[in-house]
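Numbering of ligands and ligand atoms starts at 1, following listing order. Only heavy atoms go into these numbers, but all of them, side chains included; no hydrogens, no water, no symmetry mates.
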Amino acid sequence: KPRLYSGMQPSADSLQIGNYIGALMQWRDLQDSYDAYFSVVDLHALTQPNDPAELRAKTRRTAAQYIAAGIEPSRSTLYVQSHVSAHSELAWALSTITGFGEAGRMTQFKDKSARYGADATNVGLFTYPVLMAADILLYQTDVVPVGDDQKQHIELTRDLAERFNSRYGQTFTVPTPVIQRDTARIYDLQNPTAKMSKSAESDAGVLWLLDEPAKSAKKIMRAVTDSEGVVRFDREAKPGVSNLLVIYAALSGRQIASIEDEYAGRGYGDFKKGLAEVVVSEFEPVRERALALLDDTAELDRVLAENAGRAASVANRTLSDVYDRMGLLRRV
Ligand code: TYM
């Protein structure tokens with residue numbers, strides 16, 4: 001089977017609906033057709049300020065949400081990035097073939113360092129995409145399902161793989177991104193031209209997978225729309241309604257046109273009520289399963305440890321080839 005790799009940062013207590021629709025739903029659907037690896041990228045999360053105890057909790061919560069959403073740790077390899085030391089080691093090796101200017105062009109780095117300010121930004125944020133390239137390349141990955149915002153990082157990953165292969169000989173599979181055109185970018189409900197994000201300044205426009213259903217329903221009822229009063233998809237003129245339509249279609253498996261028809265001649269209130277029902281019925285079982293998994297952290301930790309062992313055996317093989325090719329003297 002071809003290899004699939006993807007991951008998420010444990011940067012909040014809960015995933016948001018953009019992570020769910022943009023990534024997790026694809027992961028779940030693809031896991032049968034691929035030899036799939038899914039990581040909770042805790043090393044990446046260190047680039048933001050974190051309380052240590054909270055980071056540990058968020059890491060478990062993220063893993064629990066993967067499983068609750070349908071990733072099966074007996075079929076797919078679901079593990080915590082820092083449990084496999086080869087990630088940090090390959091990142092160092094790859095950093096030596098990454099151009100300074102090349103890393104500086106990454107828009108996520110530019111956005112985040114501008115947001116944090118010169119004092120709070122850090123070298124880890126700058127080398128973040130190199131660590132992401134290491135994640136992917138260690139597993140000889142064929143495909144990487146992600147949302148739109150990760151596209152540039154995967155292009156860098158491809159460039160680094162090709163550069164390494166041509167400099168040191170064929171070592172890495174060059175991965176291909178899988179980006180679902182319609183759902184690759186879910187927008188903030190209060191600010192529907194900005195990407196929904198786990199690190200949004202205001203919570204009002206973010207739908208959290210683990211929130212109380214009533215809270216999510218309320219946020220949907222308050223979502224920003226427009227004054228036209230017609231449920232119709234038009235990204236330019238009606239970003240709020242269009243975003244809600246995309247969420248509705250993705251979760252219900254329906255076409256946008258059929259949803260437009262259903263709400264023709266009815267107001268936004270009805271439409272939002274319908275969407276709230278769809279969201280709540282999708283999230284509720286995921287939330288219950290995740291909370292149940294988090295009741296038994298010993299079992300969850302055991303599953304993660306077992307999966308990390310599987311991941312490490314693949315990763316260490318690639319790392320060892322890389323060290324050989326680069327001319328590092330191997331310990332006898
Ligand atoms: P992260 O944790 O920011 O996001 C996890 C996944 O969710 C997608 N996503 C969205 N999709 C649609 N609409 C949105 N509003 C939205 N917000 C987030 C992201 O595109 C991503 O697929 N650097 C990565 C984590 C990472 C990784 C990797 C991914 C580290 N190593 C290796 C793939 C392969 C990140 O910060 O994702």
Take atom CD in Gln255; do more than 12 heavy atoms of anything else shown fall under 6.0 Å from it?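 No.
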
Does Glu72, at its CD atom, have more than 12 non-hydrogen atoms belonging to other residues, nucleotides or ligands within less than 6.0 Å?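 Yes, CD of Glu72 has more than 12 neighbouring heavy atoms, counting only those of other groups under 6.0 Å.
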
Does the side chain of Thr297 pick up a donor-acceptor pair with the side chain of Arg60 at under 3.5 Å?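 Short answer, no.
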
[X] N/O to ligand 1 N/O under 3.5 Å:
X	result
Tyr5	no
Gln9	yes
Gly18	yes
Ile186	yes
Ser6	no
Asp148	no
His153	no
Met196	yes
Lys195	no

Which atoms from ligand 1 have a heavy atom of [X] less than 4.0 Å away?
X	value
Tyr128	23 (N), 24 (C), 35 (C), 36 (O)
Arg185	12 (C), 13 (N)
Val146	22 (O), 33 (C)
Ile136	32 (C), 34 (C)
Gly22	11 (N), 12 (C)
Ala23	6 (C), 7 (O), 22 (O)
Ala184	11 (N), 12 (C), 13 (N)
Met8	2 (O), 5 (C)

Between the side chain of [X] and the main-chain N/O of [Y], is any donor-acceptor distance below 3.5 Å?
X	Y	value
Glu277	Lys272	no
Ser76	Pro73	no
Arg61	Asp13	yes
Ser242	Pro239	no
Glu212	Ala214	no
Asn50	Ala45	yes
Asp35	Arg3	no

If you measure from [atom] to every heavy atom of [options], which option wins on shortest distance?
atom	options	value
atom 37 (O) of ligand 1	Gln150, His44, Gln26	Gln150
atom 22 (O) of ligand 1	Gly147, Ser199, Pro177	Gly147
atom 25 (C) of ligand 1	Ala200, Gly7, Ala194, Pro175	Gly7

For this output row, return yes or no: ring centroids of Phe126 and Phe100 closer than 6.0 angstrom.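 Yes, the ring centres sit under 6.0 Å apart.
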
I want to know whether Tyr139 and His87 have ring centres closer than 6.0 Å.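 So the answer is yes for these two rings.
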
Would you please determine whether [X] falls within less than 4.0 Å of ligand 1 on a heavy-atom basis?
X	answer
Ser197	no
Gln16	yes
Gln81	no

Taking atom CG of Asp149 and atom CZ of Arg185, what is their separation to the nearest 0.5 Å?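 Separation between the atoms: 6.0 Å.
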
Can you list the steps and then say if Arg302 with Glu299 is a salt bridge (Lys or Arg N to Asp or Glu O under 4.0 Å)? CA-CA 5 Å; Arg302 193 195 58 73; Glu299 171 60 13; 3.0 Å; yes

Which word best sums up how the rings of Phe38 and Tyr66 line up, parallel for under 30°, tilted for 30 to 60°, or perpendicular for over 60°?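 Geometry flag for Tyr66 against Phe38: perpendicular rings.
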
Measure the distance from atom 19 (C) of ligand 1 to every protein heavy atom, then report the residue, atom name and distance (to 0.1 Å) of the closest one.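 Of every protein heavy atom, Asp149 OD1, 3.3 Å lies nearest to atom 19 (C) of ligand 1.
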
Considering only protein heavy atoms, which is closest to atom 18 (C) of ligand 1, and at what distance to one decimal place?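 The protein heavy atom lying closest is Asn19 ND2, 3.2 Å.
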
